[in-house]
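Scroll down for the structure; my scribbles are underneath it.
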Amino acid sequence: MNVLPKMTPLRWGIAGALIVLLELVNRLAGVGMSLVLTEMLILALFASSLNLLMSYGHMVSFGHAAYFGLGAYGFTLAVARFDVPVELAVFIGPIVAGLGGLVFGALCVRLTEIYFAMLTLACAQITFTVLFQWYDFTGGDTGITGFMNPRFGLTEQNFMTLVLVVLVLCLFAMAWIVKSPLGLSIRSVGQDRWRAEALGLAPRRVQLTVFVIASVFAGIAGTLFAVFQGSAFPDYAGLGFTLDALIMVVLGGLNSFWGGLVGAVILVQLEHWVLMVTSHWELMLGLAVLVLVLVLPQGVVSVAGRLSNMLGLGRKK
Amino acid sequence: MLFLIASGLTLIFGVSRIVNFAHGSLYMLGAFFTYALVPLIAPGTVGGFFASVLLAGLGVAAIGLIFEVIALRRVYGAPELMQLIITVALVLIIRDVVRWIWGPNSLSVPMPDAFMGALLIGDNYFPIFPFVIFGAGLAVMLVMVGVIRFTRAGILLRAGTDDRGMAALLGVNEKLIFSSVFAVGALLAGIAGGLAAPYGDVNYLLDTTVIVTAFIVVVIGGLGNLYGAFAAAMLVGITKALGILYFPRLSMVLIFLIMAAVLLARSLGRQGGPSR
Amino acid sequence: MATKTRTGVSALALAAVLTSAAAAEGNTVKIGYVTGLSGACSSISEDGLNGTKLAVEELNAKGGILGRQIELIVRDSQTKPDEGGKQARELVASEGVDVLTGVCSSSVLLAVEAVAAEAGVPHYAIIGSTQKANIEAFQPNFWQIQPNATMEAFAAAAYVAKKAEWKRIQPMGYDYEWGHTSVEAFTEHLKELRPDIEITDPIFVKLGDNNMGPYIAPALSTKPDAIYAAIFGGGLVNLIKQGQGFGLFERSNLVTLTTVDALQSMGSTMPKTGVYGIARAPFFALPPSEELPGFIESYRAAYNEYPTDWAVNGYDGIMIYAAAVEAAGSTGMDALMPKIYGGTFDGLRGAGLTVRAFDGQMSAPAYVGAIAFGSEFPFPTLTDVDIVPGETLMWSEDKIQALRGAAN
Amino acid sequence: MKEHSLLSVRGVRKTFGQFVALNNVDFDLPAGEKHALIGPNGAGKSTFIACIAGQLPGVEGTVLFKGEEVTAAAPVDLARRGIGRTFQISRAFLDMSAMENMTSAFVIANGAWASLRRSVLANAEDSARSMLETVGLGDHAGSRVADLSLGDRKRLEFGMALANDPDLLLLDEPTAGMSIKERHHLMDLVAARIDETGKTLLFVEHDIDVVLKIATRVTVMVRGAVLAAGTPAEIAENEEVQAVYLGGHH
């Protein structure tokens with residue numbers, strides 16, 4: 001397992017095959033499955049953005065949903081309140097999320113570890129409360145609906161394909177960042193801020209940078225989600241989404257580029273299939289998380305890594 | 001009231017460095033156990049009520065202990081995040097099981113007759129029950145301070161809070177300490193839930209309501225600081241009351257702002273200091 | 001063991017074949033029921049679902065709708081709007097449901113309505129309501145069989161106005177859209193009816209706040225003759241229990257929403273006097289009809305409890321839908337909606353109810369009365385119940401259009 | 001000589017509660033020196049280094065570097081002004097490879113921490129590779145730092161400290177925990193590098209043999225104050241030093 005996504009031709013092949021497979025399932029398995037897949041991919045992007053923060057910056061956020069929500073509302077409000085054309089508004093969502101990340105991040109990076117996490121929680125709750133209570137502007141608890149054709153009016157299948165494309169592009173962008181000098185700086189500060197400082201790197205500036213980047217990607221996910229649902233509700237910025245994303249990252253595997261992605265796939269698919277059998281979804285999820293964390297503390301990705309090593313698929317050292 | 005919840009949470013964090021998301025769930029369990037016990041033990045009497053609460057607390061402590069031993073103990077070495085996620089898993093499990101057993105409806109625990117009604121001082125009514133809760137909370141706090149100050153267990157506990165390595169050097173069984181602290185934390189949560197049960201409704205969503213407030217109190221009080229938690233509980237209670245009067249729209253934002261301000265002030269105090 | 005499993009599997013397979021065959025022929029009427037079985041709404045949702053199930057069973061026993069059996073497909077929204085929207089979308093897309101209903105919370109209602117309107121599927125509300133669904137977000141696929149927030153608040157105001165001895169009223173409400181709408185409507189209507197009454201500044205209660213003390217004390221400090229509280233569920237239980245410690249019911253009165261489930265869960269802790277309740281469909285005060293005793297009986301037989309307001313509305317909802325479909329001869333939206341908006345419906349809650357075409361609101365009555373402890377039921381009920389006709393509670397079309405204009 | 005000091009410290013005082021760790025220390029370091037700081041445990045050597053490196057709050061007195069006041073400056077600022085350092089307890093990016101550590105140092109030294117360009121990375125990697133060779137870690141480039149021996153880690157840290165070509169190099173017990181052979185090996189490397197570049201070195205060291213071999217000047221600290229300063233030969237002869245220092249040690 002490696003923190004950096006190292007792509008061998010074989011892995012490219014597997015990734016390509018998976019994308020093709022997803023698209024096939026999308027086209028052939030019925031509209032219901034397309035919806036599940038769309039949600040899965042959007043959450044995968046959201047979880048990946050949190051993973052960027054956690055696995056590389058070693059910053060654990062308890063309030064990442066704030067930027068998901070800001071992305072959704074940035075887009076929705078631009079369309080519903082300022083009559084911005086939809087094509088333009090999709091860029092406003094991530095920008096608003098990034099600005100939110102800049103403001104809150106500037107405060108949060110003054111703290112470290114659990115104090116950092118608690119401050120992100122406070123910031124997220126403030127965001128949630130404002131969205132929930134500012135009736136005249138955000139629509140309060142009943143949110144904003146009916147301001148546009150959901151999915152830009154695309155069919156469920158076509159929208160899922162669009163989301164897939166966006167996700168792949170975003171993953172490329174994230175991989176690019178992670179492998180760049182900036183990515184190296186982010187990891188350096190994440191590992192040992194004092195060493196980084198002694199080398200002449202200002203830790204807070206780096207942390208703020210990655211915080212904003214993660215917020216922008218969360219904002220893209222939030223914008224996609226608002227388009228998907230055709231609505232925005234304060235819940236999007238709530239603790240529920242944050243916890244879901246945290247669970248995804250940990251389930252998928254911390255310290256791995258693919259952690260958020262894999263975790264989202266597991267969680268959404270688990271939910272989809274478990275709910276068909278029993279209504280005790282929370283119980284099942286709780287037990288599954290418990291078992292997985294106890295049995296596979298490195299996350300599911302580690303198994304994939306070990307398996308591929310066993311099969312000789314991994315990169316030779 | 002808030003203090004009781006927060007003290008358990010802060011205690012667990014102080015010693016084990018675990019952010020226990022399941023603390024609200026343990027509180028809720030305490031309320032439901034009390035609901036189940038009150039009709040069985042001398043219903044309507046003060047003694048019966050307190051006995052029920054205590055038993056409920058012990059039941060919650062037992063559940064906390066079992067959870068600590070089978071799950072949490074295995075991940076003390078792992079990143080803090082793992083422990084956190086495990087407690088989140090516990091939140092989900094408890095919530096679903098409670099809904100399974102007691103159903104989704106709001107339940108009502110009858111108040112002991114003696115605590116109904118109000119003290120009438122001049123024209124002002126002072127409901128009795130909050131005073132009872134406050135008194136019980138104070139009593140628990142005094143007991144805890146006593147234990148921490150004057151008993152061997154307390155000394156070991158303080159050693160554990162200050163420096164885990166030192167505690168190990170003292171020949172302390174670290175596992176035992178962690179387990180018992182978690183159980184005591186759970187006990188406090190359970191008692192808090194039981195005590196508060198007759199005052200409001202009891203439903204399976206109490207956990208979320210409680211945990212966020214408890215976090216705020218613990219953070220404002222200084223993570224792991226028992227006396228801080230007491231002061232913070234007061235502060236939050238007063239802020240809320242004043243907020244409702246003067247800034248009804250902002251009362252919740254206000255409390256989070258205080259939390260953020262406290263955190264930032266703390267960081268300024270430490271600014272430039274070494275990490276170790 | 002092996003055989004048993006195999007039988008089980010083939011039975012499942014057979015069932016699957018049957019269902020899909022039936023679906024392919026369009027043989028069943030599919031009702032998509034999205035409700036908050038978990039989350040904040042779960043207790044209410046379950047009651048609504050029970051009433052709905054009972055109605056479906058009765059109809060199916062009589063041969064269904066248009067000779068087709070009814071298939072009730074239930075999904076859990078977890079009381080989250082995104083989850084509700086997703087479930088509704090899936091019901092429409094994969095199951096091809098003929099109608100959507102069941103939603104409890106107002107935000108989920110809007111999310112589901114957005115999906116239903118987009119897909120051109122009829123949708124009706126039985127529990128959750130929000131002004132937005134009738135005004136700015138209204139689409140002609142929607143109707144609502146229960147009184148909305150404004151109507152209940154108007155009923156409360158009318159009741160309060162009749163109490164000549166009350167001179168000062170303190171409004172309270174949950175701090176979210178429904179609470180604010182209720183308080184505003186109550187204040188507006190009461191001012192019209194009784195210009196002499198003083199209405200103090202409203203107090204809003206944060207959702208999920210268990211401690212009502214900080215709200216009760218300032219509410220009582222204005223020395224009101226009555227407090228109007230747009231609060232329900234756990235918060236109402238808290239308000240009533242904790243209010244007793246503040247002497248609320250000696251010093252003042254409380255006018256609030258007392259649905260049957262609230263009465264049940266309060267039980268003996270309900271104060272003997274000083275509480276006046278608005279209910280949506282209290283089984284003990286419904287107008288006498290042929291169906292009512294049978295309904296109560298079979299509901300008790302099936303679920304071992306008295307039907308709550310939510311159960312009654314769940315039941316009525318299906319019956320109204322069934323009547324409209326029978327009249328239209330089709331489940332299609334184009335045929336159905338004129339019958340919904342043009343028809344008159346008889347239900348458990350009374351005869352001759354109509355649905356307005358411009359906002360989808362049914363002229364549902366509201367029930368207001370004083371709390372009483374009788375020997376007939378193991379929980380308090382309402383006495384001297386005024387049944388306020390829905391027509392008198394609804395805003396005029398002009399007003400609705402004006403509000404729509406203001407919102408857009 | 002004092003006006004040409006690269007580093008000039010006046011009246012530096014640092015307390016931890018009641019405990020006075022440094023008491024009015026004056027210290028001058030001319031450019032080009034290889035200066036050793038010795039003294040018994042608890043003498044304040046590491047605290048002194050930490051004060052210069054801007055790691056401690058509440059330091060009284062003045063610190064001048066290249067004639068400019070840097071008393072309250074942040075570590076980042078000091079690093080940019082040309083102070084490089086290693087830590088007493090090895091600090092490196094443990095979960096990254098030696099190569100990544102070194103590359104990171106060069107990326108930062110080039111002021112390109114926020115760059116997204118691969119070419120910047122490639123340049124830094126070239127420099128990193130040759131620096132790894134210089135410090136003798138060429139064969140370990142791909143190893144995780146957490147898997148390296150302590151000696152290798154110290155050498156890595158030394159190399160990283162050199163990345164931005166610092167004018168003053170602070171090494172806090174660079175050889176602690178190493179074998180005698182390793183110590184000499186590392187310090188020979190350090191000395192050679194300093195001689196080659198003409199930069200300045202201040203290091204804390206317990207091994208007297210190493211000090212006598214490497215240092216051009218030595219300062220002895222005891223109980224938070226300077227006891228004596230001079231050439232290695234002078235210090236070796238100083239009776240006071242022998243009494244306190246050797247007495248404290250043997």
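Each chain gets a letter, A, B and so on, in the order its sequence line appears, and its residues count up from 1.
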Under 4.5 Å from a heavy atom of chain A, the part of [X] involved:
| X | result |
| --- | --- |
| C:Q78 | side chain |
| C:D76 | neither |
| C:T130 | side chain |

Requested in this report: Tell me, for A:E282 versus chain C, whether the close heavy atoms (under 4.5 Å) come from the side chain, the backbone, both or neither.
Outcome: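 No part of it gets close to chain C.
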Report task. Determine whether more than 12 heavy atoms belonging to other residues, nucleotides or ligands lie under 6.0 Å from atom CZ of A:F152. Result ->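 Enclosed.
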Requested in this report: Between chain C and each of A:T38, A:V36, A:N149, A:L35, count heavy-atom pairs under 4.5 Å; write down the option with the most.
Outcome: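 Result: the option with the highest number of such pairs is A:L35.
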Query - Residue selection (most heavy-atom pairs with chain C, distance under 4.5 Å) from A:G140, A:P150, A:G143 - result: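 Top count of heavy-atom pairs under 4.5 Å with chain C: A:P150.
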Can you tell me if [X] uses its side chain to pair, donor with acceptor, with the backbone of [Y] under 3.5 Å?
| X | Y | answer |
| --- | --- | --- |
| A:D141 | C:E177 | yes |
| C:K132 | A:I144 | no |
| C:S107 | A:T142 | no |

Requested in this report: Heavy atoms only: give me the nearest C:S94-A:V31 pair and the separation to one decimal.
Outcome: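 Scanning both residues, the minimum pair turns out to be OG-C, 4.4 Å.
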Query - Salt bridge present between C:E118 and A:R151 (N-O < 4.0 angstrom) - result: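 Counted as a salt bridge, because a side-chain N and a carboxylate O are separated by less than 4.0 Å.
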**Report entry** Partner chain A: residue of C:R89, C:K86, C:E90 with the largest heavy-atom pair count (under 4.5 Å)
**Finding:**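 Among the listed options, the one with the most contacts to chain A is C:R89.
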Query raised in the report: Top residue by heavy-atom pair count (under 4.5 Å) with chain A, among C:A114, C:A111, C:S105?
Result: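 Answer, by heavy-atom pair count under 4.5 Å with chain A: C:A111.
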Report task. Give every residue pair that meets the ring-ring contact (aromatic ring centres under 6.0 Å, His included) criterion with at least one member in residues 84-110 of chain C, sequence neighbours excluded. Result ->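 Pairs touching residues 84-110 of chain C that pass the test: none.
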Query raised in the report: What's the verdict on side-chain contact (heavy atoms from CB on, under 4.5 Å) for A:E39 and C:E83, showing C-alpha distance, side-chain angles and the deciding distance?
Result: CA-CA 10 Å; A:E39 187 192 21; C:E83 191 64 28; 4.2 Å; yes
Query raised in the report: Looking only at heavy atoms, which of residues 220-249 of chain A get nearer than 4.5 Å to chain C?
Result: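 The list, in residue order, reads A:F225, A:F228, A:Q229, A:F233, A:D235, A:Y236, A:F241.
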